[in-house]
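Here is the structure we will look at, set down as structure tokens.
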Amino acid sequence: MFAMESSEDELEEDETEWKQHLTDLPLTSRASESSLISKSPTPAHRVILHFDLDCFYAQVEMIRNPALRDVPLGIQQKYIIVTCNYVARQQGVTKLMSVTDAKQKCPQLVLVKGEDLTHYREMSYQVTDLLLSFCPLVERLGFDENFVDITKMIENRLQRTPEEFSFQGHVYSTSSEAAKAKASVHPELALGSHVAAELREAIRCQLGLTGCAGVATSKLLAKLVSGTFKPNQQTTLLPENVDDIMGSLSGHRKIPGVGHQTAKRLQALGLVSVRDLQLFPLTELEKELGSPSAARLKNLSLGVDDSPVNPTGAPQSLSDEDSFKKMSSAEEVIDKIQQLLTSLLERMRKDGRQPQTFRLSVRKFSASNKWYSRESRQCPIPNHVGHKITSASSDDAPAQLLTMAMKLFSKMVDAAAPFHLTLINVCFSNLQKPAPAASARGSITSFFSLSAFPQNSAQSQIVSPISVSDHPCSLGAMTPIIPENTTKTPTSRDAASPQARPTQSTSSVPAEASRTLTTSHSSTCSYGGDADVTATYRLPPNVDPRVFSQLPANLQMELMREWEQRRPVLKIPTVSRKPGREAKEKKGTGRRCQANSLLDYFKPA
């Protein structure tokens with residue numbers, strides 16, 4: 001709910017995101033440092049765009065209510081102006097100014113509540129989707145920023161139209177006359193400036209939003225240069241001007257990726273400016289920050305960044321939070337978590353994915369460390385609760401989640417003692433698409449479908465004589481279809497051959513005829529004595545006889561029993577072969593039918 005457009009919290013989150021994407025480039029000596037500080041002009045190997053929408057929240061409100069376009073407008077969250085339009089800025093109102101101070105600066109300031117982020121979020125994704133319609137390599141950075149890698153697009157255009165281009169918009173630290181000459185040296189960046197202008201115009205025409213753009217050879221440089229001229233303008237940075245833009249930064253915090261804590265540690269080393277960091281010995285920096293972090297910071301200070309544009313896709317987490325001056329009772333905490341869960345669950349149901357992890361974060365008041373004292377705890381979400389989160393018909397998910405949240409809260413805050421919170425955040429993460437519901441296609445019979453195996457008309461009819469052990473449970477309730485040529489020949493039990501291997505032959509019955517399976521077995525179940533019986537059974541039309549004939553005999557009959565009775569197979573009967581069980585088996589036929597695992601059929605004989 002309370003999310004400032006460019007608050008200190010967001011700066012820290014930006015630092016985390018840049019840490020994940022910026023590439024550490026190893027620097028091994030002072031010689032390498034000095035050579036990187038003074039770089040010679042190099043051709044553009046990549047063309048990266050950075051788009052930053054102008055006063056985004058205010059623009060969204062002006063689109064929703066055109067009457068606000070020409071008046072000083074401020075977007076209010078609690079007691080802070082999180083952003084304002086340029087009419088208000090001309091009268092002295094700035095971002096993150098208190099409402100009281102803003103009203104003193106501009107008494108006619110119109111305030112719009114901006115704590116509900118729904119409209120801003122929806123418009124933000126429309127911008128990203130529009131950029132994706134032009135290029136697949138789009139990476140979101142907050143609500144109002146996007147990176148786009150148009151390298152491949154530029155290569156293709158240059159091959160089709162290898163003409164000379166001039167630069168669109170501004171060229172950093174370069175006059176108009178000099179920029180014309182530079183266009184032939186950097187045709188990729190020159191054409192990239194035209195693409196940036198096209199995309200900005202598409203956003204304006206289709207969504208009504210204006211914004212700035214930066215054109216450069218890396219994400220770091222594109223982001224730094226995009227805000228040089230505001231509002232609604234664009235700037236290109238040439239490789240030979242990288243030192244100029246890095247030297248113009250007022251401090252470490254102006255480098256994307258350098259956060260509050262890192263800046264404090266650099267200041268403790270006596271490093272105040274970006275130039276100080278560039279010249280500071282790498283070995284000394286490694287002692288303080290460690291080798292990977294030291295190399296990363298050194299490269300950032302030099303404007304070196306090879307990190308790729310990573311297509312963002314759907315967010316991997318959804319969260320909501322609120323901040324306040326003071327919260328000091330468990331009842332207030334419960335009420336606030338319930339409010340946050342209500343709005344977050346609505347977003348989750350629209351998203352449709354099921355979260356696997358629930359996280360609760362709090363910020364405890366600290367007079368010395370106002371912004372950076374967050375603490376978090378998380379836990380897995382049980383599957384049955386996860387299903388309820390995405391189900392619009394479930395009403396008990398909030399109560400179950402509240403119980404989980406308070407357990408996490410108790411691990412961070414002792415509610416029996418005085419406490420002072422200034423922020424609460426709830427988050428669902430590790431979002432996954434729900435597993436498809438089980439269906440008949442998941443049963444064992446689906447593996448014998450004709451669609452899974454190649455067929456020809458000559459093999460569409462197979463007759464398989466099968467020898468089956470002579471026990472009363474072998475046929476069970478299966479109903480044979482006795483053809484006219486069925487025979488019953490008395491024989492001796494000792495002459496039976498229950499271990500005989502199945503044999504297979506091909507029938508000459510036409511493919512369109514009924515599919516049958518002929519079995520030969522010894523039985524005492526249906527006839528007065530032991531007999532060799534040949535019977536024919538009909539197979540369902542979607543069963544491949546060739547595959548079916550390779551199954552063990554008792555599994556074949558269980559499947560046929562299922563098809564006859566239209567009920568699922570729960571157990572596969574067989575006769576126990578363990579010694580010493582013969583006496584028990586004679587007491588009743590029921591005990592001779594033992595449950596068996598399908599895995600047994602894959603064991604070596």
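Please read these numbers as outputs of a predicted model, since none were measured by experiment.
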salt_bridge(Lys336, Asp322) N-O dist < 4.0 Å: yes

Would Tyr57 and Tyr120 count as a close aromatic pair, with their ring centres under 6.0 Å? yes

Using only heavy-atom distances, determine whether the side chains of His50 and Gln234 contain a donor-acceptor pair under 3.5 Å. no

Per the ring pair (Phe, Tyr, Trp, His ring centres under 6.0 Å) rule, what does the pair list look like for residues 195-246, sequence neighbours excluded? His170-Phe229

Are Arg363 and Glu375 ion-paired here, with the side-chain N under 4.0 Å from a carboxylate O? no

Within 45 degrees of the axis of the six-membered ring of Tyr125 and under 6.0 Å from its centre: does Arg140 put its NZ or CZ there? yes

For Gln356 and Asn430, which I'm curious about, is there any donor-acceptor pair between the side chains at under 3.5 Å? no

Determine whether the side chains of Asp320 and Ser343 contain a donor N or O and an acceptor N or O closer than 3.5 Å. yes

For a side-chain contact (heavy atoms from CB on, under 4.5 Å) check, start with the C-alpha distance between Phe358 and Leu341, then their side-chain angles and the critical distance, and finish with the verdict. CA-CA 11 Å; Phe358 177 70; Leu341 284 174; 4.1 Å; yes

Partners meeting salt bridge (Lys or Arg N to Asp or Glu O under 4.0 Å) with Arg64 (sequence neighbours left out): Glu61

Is the shortest distance from a Lys or Arg side-chain nitrogen in Arg46 or Glu188 to a carboxylate oxygen in the other one below 4.0 Å? no

Please identify each residue that fulfils salt bridge (Lys or Arg N to Asp or Glu O under 4.0 Å) with Lys152, with sequence neighbours left out. Glu155

